[in-house]
Colleague: 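Dumping the structure here so I can ask a few things about it.
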Amino acid sequence: MSIKDKITAFLFGSRARDEAVPEAEAAPRVQAEPGPAAAAASSFGAMVVEMPPEHPIHQLYDLRRKEAGPLPHIRLTLDGEGTLPEELLHKESGRVKTFLTSVCGARLKEVNGRAPGKSSKKRGEDELEEGPPPLDAQPCFFLSADKLYAWVLVLPPVRGGAEITRDLLYEAMYEADLSYGIETRTADQLSHDNRKYFNLFLIAKGKPAFDGQNGNIVEHFPRVVERILEVDEFNQVDYTSLNLIYNVKQGEEICRLIRPTEGEPGRTVLDQEIPARGGKEVPLPKGRNTEIAEDGISLVASIAGHVEFTGRSFQVKPVLDIAENVDFSTGDINFLGDVNIAGDVLSGFTVRAMGNIHVGGVLEAGSIVEAGGDLVVVKGILGDGTTVTRSHRSVFSKYIENATIHVRENLQTDCIINGNIYCDGEVQVKSGRGTIMGGRIWSAKRILAKAVGSPAECRTTIVLGGMPCNSFERELLRKEMKDLEMELEKLECQPESQVKSSLLQKVQARLSVAELKFKHLETGLDAVARGMDGLDQGRLECGIAYAGTEIIYEHEVVRLQVESRQCTATVVNGEILLM
């Protein structure tokens with residue numbers, strides 16, 4: 001070991017001795033494949049800036065080594081402490097390379113005596129007389145695109161120029177307008193750091209702007225009511241537990257508004273304000289029979305009733321409670337809200353409601369019930385072949401016997417006996433006995449049952465696909481028009497009188513209305529049929545299908561001659577396929 005190496009080892013320790021390479025060797029270059037330091041740094045994100053061997057920074061490094069002796073390796077990192085966002089590091093990695101090329105290239109020109117502003121002839125005379133002038137250490141500042149972060153790269157002095165000092169660094173920051181978020185500890189200690197040159201130091205951090213939070217609604221009632229019946233361990237359904245009515249008292253809070261917050265502006269490292277957006281206001285979903293409280297943030301019920309969300313707002317429907325049966329003591333019911341009936345709907349009486357209808361007992365034969373929402377019949381629907389029950393949503397009933405059901409969504413029951421079902425959704429008969437026996441079941445989507453038909457081979461018709469409810473309405477209108485035409489014929493056979501003329505006008509008006517409805521319905525059915533042309537619809541899934549079961553799709557009919565277990569019937573390319 002030479003005397004020079006011994007002195008270097010004594011002053012700087014083993015690390016300096018390891019880094020003290022002979023001048024003949026090339027200065028440390030960044031390899032094509034990152035070394036261990038770069039690999040470790042990359043675990044925090046794209047922190048190490050890779051520069052090619054021919055970059056001006058390496059030439060400046062070689063010059064510094066010749067003048068000042070051994071130097072630490074060049075290691076340019078944007079985030080030496082691993083605290084900056086990875087997205088920021090990836091975004092700035094390209095910009096910092098451009099910055100390094102610019103400042104190091106300009107510095108190299110100064111070192112070589114090609115500073116701008118002097119002609120080549122004048123520069124040559126000055127160099128002959130005085131020689132190249134010394135260059136002091138030069139702090140160079142790199143700002144992120146959003147000006148929230150600033151890094152400093154200190155280029156070393158050349159030919160005996162002044163080393164970097166605290167005062168020189170602060171003076172350079174003042175000239176660069178860096179005045180906010182200065183990392184004073186880094187600035188004060190940088191001049192004493194053995195890696196002060198050819199390294200990037202985070203010298204200033206701005207304050208990011210924070211946008212305000214948008215307003216929000218805290219709701220005390222659900223927007224979507226789950227109409228699902230759960231089956232217990234005995235495969236039984238408790239229809240009394242399906243309460244679709246959410247009662248609210250007058251003045252009770254339905255939902256509460258959380259107001260938006262104001263944004264918090266930020267500042268750049270150049271002490272410039274970064275504006276922030278405030279949160280957006282959210283209106284209270286005020287609907288019918290609701291009002292905004294005096295505090296302006298609460299939506300309360302203006303009447304007692306049932307809370308329902310209608311797609312854009314909460315509304316309160318009045319609820320009519322019938323403590324006993326619908327009979328002569330109550331008469332027929334026609335209500336704009338929801339109806340709760342504790343007992344039965346007796347034969348000959350009608351219940352119509354714009355909302356949900358909940359019947360704690362049975363619907364007797366000859367009764368008429370029509371619900372604008374869901375219909376729940378806890379004990380069952382018992383008809384006589386003429387009973388018609390309608391629901392514009394779903395129907396839930398313990399059993400259905402000898403009744404006609406018209407339902408726009410789904411139907412769920414334990415048993416259907418000799419029923420005429422028109423359902424635009426699914427017919428689910430999986431709980432309890434799970435039997436469909438006799439009658440005609442028409443579902444647009446799917447029919448699920450444990451058993452279809454009976455061992456006695458009673459005729460049970462299953463119709464798949466199509467538009468059941470619209471077809472049902474068409475048949476009712478056709479029957480109505482036929483009855484009106486017969487009534488007109490009878491009236492025309494009567495002798496002329498003022499009563500006859502009056503009756504003829506009324507019947508003709510009713511017939512004209514029915515014909516218009518029928519024409520409008522036919523047009524709608526044709527349009528929907530054209531849109532569904534080529535689409536396979538309808539499916540039957542049952543544990544057992546007995547002989548005598550008839551499956552229909554449009555004009556195709558399949559009759560089961562033998563019992564079929566785990567039967568599945570689907571429509572494929574317009575044909576019924578049994579599996």
Side-chain angles (χ1 to χ4, degrees), residues 44-47 78-96 99 141-152 173 176-187 200-226 246 248 251-302 307-316:
F44 295 98
M47 296 185 300
L78 285 175
D79 190 13
E81 297 180 357
T83 58
L84 298 184
E86 187 174 347
E87 181 182 355
L88 170 73
L89 301 178
H90 284 291
K91 183 179 179 181
E92 300 298 339
S93 60
R95 293 183 66 248
V96 74
F99 162 78
F141 300 100
F142 169 69
L143 273 62
S144 61
D146 54 12
K147 295 182 174 57
L148 282 175
Y149 300 91
W151 290 266
V152 62
M173 284 193 290
D177 291 332
L178 292 177
S179 56
Y180 184 85
I182 303 298
E183 298 285 336
T184 54
R185 182 176 179 183
T186 301
L200 285 169
F201 294 91
L202 186 63
I203 199 66
K205 289 182 183 179
K207 177 185 176 184
F210 293 98
D211 293 337
Q213 293 184 348
N214 294 333
N216 195 13
I217 302 293
V218 177
E219 298 162 357
H220 305 313
F221 295 88
R223 293 195 175 199
V224 179
V225 179
E226 295 291 337
Y246 288 87
V248 64
E252 185 178 347
E253 185 177 83
I254 298 172
C255 60
R256 174 175 288 271
L257 174 66
I258 297 179
R259 295 196 181 278
T261 60
E262 294 294 330
E264 183 180 351
R267 299 202 78 80
T268 68
V269 293
L270 303 179
D271 203 21
Q272 299 168 340
E273 182 175 308
I274 304 174
R277 294 192 299 267
K280 294 181 180 179
E281 289 278 356
V282 177
L284 280 168
K286 182 181 181 301
R288 188 176 59 185
N289 297 325
T290 64
E291 59 186 11
I292 299 175
E294 295 180 359
D295 58 9
I297 62 173
S298 295
L299 183 70
V300 298
S302 57
V307 179
E308 184 176 74
F309 189 76
T310 59
R312 300 184 65 180
S313 61
F314 281 103
Q315 66 176 4
V316 178

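These numbers come from the heavy atoms of this one structure, side chains and all, not from hydrogens, waters or symmetry mates.
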Colleague: Roughly how far apart are Phe99 CZ and Phe141 CZ, rounded to 0.5 Å?
Modeller: 9.0 Å
Colleague: Restricting to non-hydrogen atoms, name the atom on Ile217 and the atom on Pro283 that form the minimum distance, rounded to 0.1 Å.
Modeller: CD1-O, 4.0 Å
Colleague: Going by heavy atoms in the side chains, are Leu270 and Leu178 under 4.5 Å from each other?
Modeller: yes
Colleague: OG1/Thr268 to NZ/Lys207 distance, rounded to the nearest 0.5 angstrom?
Modeller: 12.5 Å
Colleague: To check you understand the geometry: which heavy-atom pair defines the closest contact between Glu92 and Ala145, and what is its length?
Modeller: OE2-N, 3.0 Å
Colleague: Is it the case that atom CD in Gln272 sees more than 12 heavy atoms from other parts of the structure closer than 6.0 Å?
Modeller: yes
Colleague: Within the supplied structure, the quantity of interest is the number of heavy atoms (other residues, nucleotides, ligands) at a distance under 6.0 Å from Arg277 CZ; does it exceed 12?
Modeller: no
Colleague: Side chain of Arg95, backbone of Leu143: donor and acceptor closer than 3.5 Å?
Modeller: yes
Colleague: Taking all non-hydrogen atoms of both residues into account, name the closest pair between Pro260 and Gly215 and its distance.
Modeller: CB-N, 3.6 Å
Colleague: Might you work through the side chain to side chain contact (heavy atoms under 4.5 Å, CB included) test for Leu202 and Thr186, ending with a clear yes or no?
Modeller: CA-CA 8 Å; Leu202 186 63; Thr186 301; over 6 Å; no
Colleague: Report yes or no: does Ser144 contribute a side-chain atom to a donor-acceptor pair with the main-chain N or O of Tyr149 at less than 3.5 Å?
Modeller: yes
Colleague: Side chains of Leu89 and Leu84: closer than 4.5 Å at any heavy-atom pair?
Modeller: yes
Colleague: Look only at the side chain of Asp271 and the backbone of Tyr180, and say whether a donor-acceptor pair between them is shorter than 3.5 Å.
Modeller: no
Colleague: What's the separation between atom CG in Leu284 and atom CZ in Arg256, rounded to the nearest 0.5 Å?
Modeller: 10.0 Å
Colleague: Should Leu148 and Ile274 count as side-chain neighbours, where that means a heavy-atom distance under 4.5 Å?
Modeller: yes
Colleague: Name the orientation class of the two ring planes belonging to Phe314 and Phe309 (parallel below 30°, tilted from 30 to 60°, perpendicular beyond 60°).
Modeller: perpendicular
Colleague: If you measure from OG1 on Thr310 to CZ on Arg223, what distance do you get to the nearest 0.5 Å?
Modeller: 10.0 Å
Colleague: Are there more than 12 heavy atoms of other residues, nucleotides or ligands under 6.0 Å from atom CD of Gln213?
Modeller: no
Colleague: To the nearest 0.5 Å, tell me how far Met173 CE sits from Ile203 CD1.
Modeller: 5.0 Å
Colleague: Enter the distance from Glu281:CD to Arg259:CZ here, rounded to the nearest 0.5 Å.
Modeller: 6.0 Å
Colleague: Kindly give the heavy-atom pair with the smallest separation between Ala204 and Glu183, and that separation in Å.
Modeller: N-CG, 4.1 Å
Colleague: Please step through side chain to side chain contact (heavy atoms under 4.5 Å, CB included) for the pair Thr290 and Val300, ending with a clear verdict.
Modeller: CA-CA 6 Å; Thr290 64; Val300 298; over 6 Å; no
Colleague: If I compare all heavy atoms of Asn289 with all of Val316, which pair ends up nearest, and what's the gap?
Modeller: ND2-O, 2.7 Å
Colleague: Can Ser298 and Glu253 be counted as having a side-chain donor-acceptor contact under 3.5 angstrom?
Modeller: yes
Colleague: For residues Leu257 and Val282, report the shortest heavy-atom separation together with the two atoms involved.
Modeller: CD1-O, 3.2 Å
Colleague: Any sub-3.5 Å donor-acceptor pair from Glu264's side-chain atoms to Ala276's backbone N or O?
Modeller: no
